[in-house]
Amino acid sequence: MRIRIVDAFTDRPFAGNPAGVLLLDAVDAFPADDRLQQVAMEVNQAETAFAHRLPEGGDADWALRWFTPTTEVAMCGHATLATAHVLHTTGAHEGPVRFATRSGVLIATPAEDGSITLDFPTAPLTPVEIPDGVAEALGAEPLTAFDTGPNINDLVVELADEKTVVGLAPDLKALAAHSERGIIATARAEDPTRGYDFASRCFFPNVGIDEDPVTGSAHTALAPYWSERLGSSVLTGLQASARSGLVRTELRGDRTLLTGHAVTVIDGELLA
């Protein structure tokens with residue numbers, strides 16, 4: 001079985017967010033869940049994507065699932081981008097690809113410049129009281145807090161400024177108590193002329209990811225949040241992790257478009 005490591009939401013290797021991608025030979029069936037989880041644990045990336053072709057004539061072309069080293073997740077942007085990149089660069093699929101997932105049918109559309117646009121459901125944002133202990137766990141005082149709904153199960157908190165987001169050194173054990181998946185910390189860009197409108201960092205200790213380098217699913221919540229505040233449906237987000245990456249977002253009501261590039265950095269064979 002071929003296994004690839006793809007850096008997503010970047011146009012250069014060793015940046016963005018790496019994902020494992022395995023295209024399975026079977027049609028209409030995945031291996032047992034424990035087998036998928038073992039492979040994801042071995043790959044040890046934030047997410048490993050498993051996809052198999054579906055019969056022609058249905059609502060989707062490929063079935064897709066995502067696993068962290070410890071659990072399956074309901075939605076993952078960067079591993080979806082990585083899977084679409086592998087399908088297109090290997091010739092396994094041409095044109096837009098429809099993925100059947102736990103979050104419904106997700107469409108990935110390639111462009112002539114090599115970028116890929118994902119069509120994802122917009123996260124429903126519900127304002128909540130800032131939970132006791134979040135400021136201490138983050139090491140910074142949130143201005144607002146929002147629940148992101150069932151697909152991503154995060155808490156979005158806005159901080160005072162971009163420098164505060166970049167400088168976070170949270171207590172991850174304490175942070176794990178405050179959401180199902182994790183915390184998205186965000187702030188307005190200090191200087192939009194640098195090519196992005198807002199910055200974020202994502203901490204997901206509850207699914208085995210201390211800090212995710214670039215999180216597509218988080219931008220389904222960040223897009224509506226910042227579109228309302230900045231007065232634009234088209235924005236670019238910087239995820240200010242050590243690897244860093246840019247996500248172009250376009251809010252279309254209950255759908256959010258996420259655009260980025262990807263680079264394959266490892267192409268090998270799974271022997272076990």
Side-chain angles (χ1 to χ4, degrees), residues 6-10 15-21 40 45-49 64 66-85 101-103 106 108 116-123 125 138 146-159 162 165-166 168 170 172 175-176 178-187 196-226 235-249 251 256-262:
V6 178
D7 290 343
F9 291 114
T10 181
N17 200 352
V21 177
Q45 300 295 340
E47 267 88 12
T48 296
L64 179 62
W66 314 276
F67 286 77
T68 77
T70 62
T71 189
E72 184 173 9
V73 295
M75 180 189 291
C76 179
H78 86 279
T80 304
L81 180 65
T83 304
H85 169 79
T101 78
R102 287 174 57 181
S103 298
L106 308 177
I116 295 172
T117 296
L118 309 177
D119 183 337
F120 271 38
T122 301
L125 297 179
L138 273 176
F146 286 78
D147 178 79
T148 59
N151 281 337
I152 58 177
N153 293 308
D154 294 329
L155 184 71
V156 172
V157 296
E158 182 182 352
L159 303 183
E162 182 181 342
V165 172
V166 171
L168 289 174
L172 294 167
L175 210 60
H178 296 293
S179 72
E180 186 169 333
R181 184 173 75 159
I183 302 287
I184 304 169
T186 188
Y196 57 93
D197 303 287
F198 59 88
S200 67
R201 289 176 67 190
C202 295
F203 307 99
F204 303 139
N206 286 330
V207 292
I209 305 167
D210 288 347
E211 180 171 5
D212 199 33
V214 190
T215 314
S217 60
H219 284 76
T220 67
L222 293 168
Y225 186 85
W226 287 112
L235 299 169
T236 297
L238 168 73
Q239 196 151 329
S241 66
R243 291 176 63 100
S244 188
L246 294 172
V247 183
R248 182 181 182 272
T249 68
L251 184 63
T256 294
L257 304 185
L258 310 171
T259 300
H261 288 77

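Being a predicted model, the structure only gives us computed values, none of them experimental.
Considering only heavy atoms from C-beta on, C202 stays 4.5 Å or farther from V214 through its side chain. Contact annotation: the side chain of T122 never approaches that of T220 to less than 4.5 Å [non-hydrogen atoms, C-beta and beyond]. With a 4.5 Å cut-off on side-chain heavy atoms, P18 and R243 count as touching.
Among all heavy-atom pairs drawn from E162 and A199, the shortest one is CG-CB, 3.9 Å. Between P224 and A123, the closest heavy-atom pair is CG-O, 4.1 Å. Nearest heavy-atom pair across T70 and V207 is OG1-O, 3.1 Å. When all heavy atoms of N206 and A176 are compared, the pair lying nearest together is ND2-O, 2.9 Å. When all heavy atoms of S200 and I184 are compared, the pair lying nearest together is CB-CG2, 4.5 Å. Summarising the geometry of A40 relative to T48, their closest heavy-atom pair is CA-OG1, 3.9 Å, with the distance given to 0.1 Å.
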Tell me, with the steps shown, if D212 and S241 meet side chain to side chain contact (heavy atoms under 4.5 Å, CB included).
CA-CA 8 Å; D212 199 33; S241 66; over 6 Å; no
Determine whether I116 and H85 satisfy the following criterion, side chain to side chain contact (heavy atoms under 4.5 Å, CB included), listing intermediate values before the conclusion.
CA-CA 8 Å; I116 295 172; H85 169 79; 4.0 Å; yes
Let me see the working for V247 and H78 under side chain to side chain contact (heavy atoms under 4.5 Å, CB included), right down to the final yes or no.
CA-CA 10 Å; V247 183; H78 86 279; over 6 Å; no
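Rounding to the nearest 0.5 Å gives a distance of 11.0 Å between OG of S217 and CG of L118. For the atom pair CG (N151) and CE (M75), the distance works out to 4.0 Å, reported to the nearest 0.5 Å. With rounding to the nearest 0.5 angstrom, the OH atom of Y196 is 13.0 Å from the CD atom of Q239. Here the CG-CZ distance, from L172 to F203, works out to 7.0 Å after rounding to the nearest 0.5 Å. Distance check: F204 CZ to I152 CD1 gives 7.5 Å after rounding to the nearest 0.5 Å. Between L257 atom CG and T249 atom OG1 the span is 9.0 Å, to the nearest 0.5 Å.
Side chains of T101 and W66: no donor on one and acceptor on the other come within 3.5 Å. Inspection of the T186 and W226 side chains reveals an N or O donor paired with an N or O acceptor under 3.5 Å.
With hydrogens and angles ignored, the 3.5 Å screen pairs a side-chain donor or acceptor of R201 with a backbone N or O of V165.
Counting non-hydrogen atoms of other residues, nucleotides and ligands closer than 6.0 Å to CD of E72 gives a total above 12.
Only one option out of N17, L81, T215, T259 pairs with F9 in a side chain to side chain contact (heavy atoms under 4.5 Å, CB included); it is L81.
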